[in-house]
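Here the structure comes first, spelled out in structure tokens, and everything after it is commentary.
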Amino acid sequence: FEYERARRAFQTGMSKPLKFRVHQLKNLHRFITERRKDIADAVKKDLNKVSLFETLGLEGEIDVAVERLAEWAAPRPVEKSLLTILDEVYIQPEPLGVVLIIGAWNYPWAVTLQPLVAAIAAGNAAVVKPSEVSSHSAKVMEELLPLYLDKELYPVVCGGVSETQELLRQRFDHIFYTGNSTVGKLVMEAAARHLTPVTLELGGKSPCYIDKDVDLRVACRRITWGKFVNCGQTCIAPDYILCEPSIQDRVVEEIRKCITEFYTDDPKTFEDYGRIINQRHFQRVMSLLEGSTVAIGGDSDQSQCYIAPTVLKDVTGGSKVMQEEIFGPLLPIVTVSGVDEAIQFINEREKPLALYVFSPDNKLIRRVIAETSSGALVANDCLVHFTVSALPFGGVGNSGIGRYHSQHGFDQLSHLRACLIKKLNLEDANAMRYPPHTAKKLGW
Ligand code: NAD
């Protein structure tokens, strides 16, 4: 039903004028600022976290889109050849049509509304399906977003698996999915039936290599933040550490200090420490502890979905916690003999969404870049690339297909149409291409 409404609205052409797009983007910005408290309350209820990181990035994305839209949407002239020297040759970005956006629960606003920014900017209609798992955020989005955006073009549809599957039967012009790789494959299968292109923003195990010569105090501070923010439920969180055995105990001690500094001696009662989203995920994360040596934390409270910031040491590649994305506050340390073995370890596994390397040695960093692959590589920090809107955000291989943020999102949700406009004169110049192709005509 919502799909058909969005389709009809798109067909009127109303979403195309740049003025209209800018107006809707500004309304979306107004929604975020005016409803900051509703958003914050919902995120607190869903994940016991502060919504700062969700909306900051979103506001930045909207600002860039509003400022640069005219430039992105303009015809892009391309290089001419002798054959096209007198013609107009350019790329014209045009809207694709109706986009389906399927969001995930871990950053329920950022991963649902940032793709919407790209969809609106590119002139599309969009059906927005927030995750049912972050139910408070989904409800607020369904109730309040239509008060700010055009209701026909950008409907919000709430629901779980069956509602999403029903949506996936419709013929969309693009599907933008954020979530796990297993469901990602189902989305792509459904899309294939209509030859609908997809963007899949997936996850995986993002490694973090610590060079023994790095300032461990700084490195561990940044890693502790990147890992335990949102209780480890961040798609680009460092999943595990790779380091030499000689520094393992110092790494543990530095992280211990940071955990105490950030979350006190009692993270459970500290308001800035999050919770696991639900019982199912709580049990999943706890089961990953099996057979591991706990160096820090390890305690939990099922009634609150609380798991302490936990570090595991002397973990092996074959252990349970190394078989799937952790998506929780467990940080395993796997020891390797040096950067060669670290590179080998990474390359033996699926291509990650992010790869982190901490080292003062520029050559070592360049080597890791040259000899591995991942959605993104960040040296000497974690997570921050998400906020650099000029960088494409997305995975490679098992961590995803496609990219977004800023112009990358605009291009992803546009058709880049090839346009060639010739004049009707100078017909003699075309003589060669018309038959008969006699030797005389070809000059042979
Ligand atoms: P989730 O359970 O909220 O699922 C995501 C969406 O898929 C939801 O809207 C849900 O309704 C839908 N869905 C679930 N099962 C379905 C099915 N069988 N058929 C159709 N639709 C279905 O979220 P999740 O998958 O637990 O999210 C966590 C994963 O997402 C992690 O792997 C994480 O790394 C990844 N993630 C990636 C990014 C990114 O930007 N790359 C961002 C956030 C999360």
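Just follow the structure's listing: the first ligand is 1, and inside any ligand the first atom is 1.
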Notebook entry, point to check: For atom 32 (O) of ligand 1, which of Arg403, Glu325, Gln233 has the closest heavy atom?
Noted result: Glu325

Notebook entry, point to check: Under 4.0 angstrom from ligand 1, any heavy atom of Gly400?
Noted result: no

Next item on the list: May I ask you to identify, for Ile236, whether its side chain, its backbone, both or neither come under 4.0 Å of ligand 1 on a heavy-atom basis?
Entry: neither

Notebook entry, point to check: Looking at Glu201, which atoms of ligand 1 are within less than 4.0 Å of one of its heavy atoms?
Noted result: 37 (C), 38 (C), 39 (C), 40 (O), 41 (N)

Next item on the list: Applying salt bridge (Lys or Arg N to Asp or Glu O under 4.0 Å), name anything that partners Lys139, two or more places apart in sequence or on another chain.
Entry: Glu143

Checklist line | Short side-chain to backbone donor-acceptor contact, His174 and Thr199, under 3.5 Å | finding: yes

Next item on the list: Report, in ascending order of atom number, the atoms of ligand 1 lying under 4.0 Å from any heavy atom of Phe327.
Entry: 28 (C), 31 (C), 33 (C), 34 (O)

Notebook entry, point to check: Is ligand 1 under 4.0 Å from a heavy atom in the side chain of Leu353, in the backbone, in both, or in neither?
Noted result: side chain

Next item on the list: Output the list of atoms in ligand 1 that are nearer than 4.0 Å to some heavy atom of Gly203, sorted by atom number.
Entry: 32 (O), 34 (O)

Could you tabulate the donor-acceptor pairs under 3.5 Å formed by side-chain atoms of residues 180-192, not counting sequence neighbours?
from	atom 1	to	atom 2	distance (Å)
Asn180	OD1	Thr182	N	3.1
Asn180	OD1	Val183	N	3.0
Ser181	OG	Asn398	O	3.3

Margin query: I need the atoms of ligand 1 closer than 4.0 Å to a non-hydrogen atom of Leu186, numbered in the order shown.
Written below: 18 (N)

Notebook entry, point to check: Considering only heavy atoms of Leu202, which atoms of ligand 1 have at least one such atom less than 4.0 Å away?
Noted result: 37 (C), 38 (C), 39 (C), 41 (N)

Note to self: Has Thr12 got a side-chain atom pairing as donor or acceptor with Met14's backbone, closer than 3.5 angstrom?
What the structure shows: yes

Notebook entry, point to check: Do any N or O atoms from the side chain of Glu325 and from the backbone of Gly204 form a donor-acceptor pair under 3.5 angstrom?
Noted result: yes

Check: Going by the order shown, which atoms of ligand 1 are within less than 4.0 Å of some heavy atom of Asn106?
Finding: 43 (C), 44 (C)

Margin query: For atom 35 (C) of ligand 1, tell me which residue out of Ser134, Ser399, Gly179, Pro130 has the closest non-hydrogen atom.
Written below: Gly179

Note to self: Quick test of your reading of the model: are Glu71 and Arg68 salt-bridged, counting only N-O distances below 4.0 Å?
What the structure shows: yes

Margin query: Nearest non-hydrogen contact with atom 6 (C) of ligand 1 belongs to which option: Gly103, Gly160, Cys235, Ala104?
Written below: Gly103

Check: Would you say Asn180 has any N or O atom under 3.5 Å from an N or O of ligand 1, going by distance alone?
Finding: yes

Note to self: Under a 4.0 angstrom heavy-atom cut-off, which atoms of ligand 1 come close to Gln165?
What the structure shows: 18 (N), 19 (N)

Margin query: Please classify the Tyr107 to ligand 1 contact at 4.0 Å (heavy-atom distances, strictly less than): side chain, backbone, both or neither.
Written below: neither

Next item on the list: Taking Thr234 for its side chain and Ile236 for its backbone only, find out whether a donor-acceptor pair lies under 3.5 Å.
Entry: no

Checklist line | Whether Thr310 side chain and Ala308 backbone form a donor-acceptor pair below 3.5 Å | finding: yes

Check: Looking at Lys129, which atoms of ligand 1 are within less than 4.0 Å of one of its heavy atoms?
Finding: 8 (C), 9 (O), 10 (C), 11 (O)

Notebook entry, point to check: Using a heavy-atom cut-off of under 4.0 Å, does the side chain or the backbone of Ile102 touch ligand 1, or both, or neither?
Noted result: side chain

Margin query: Tell me the contacting part of Thr178 for ligand 1: side chain, backbone, both, or neither, using a 4.0 Å heavy-atom threshold, strictly below.
Written below: both

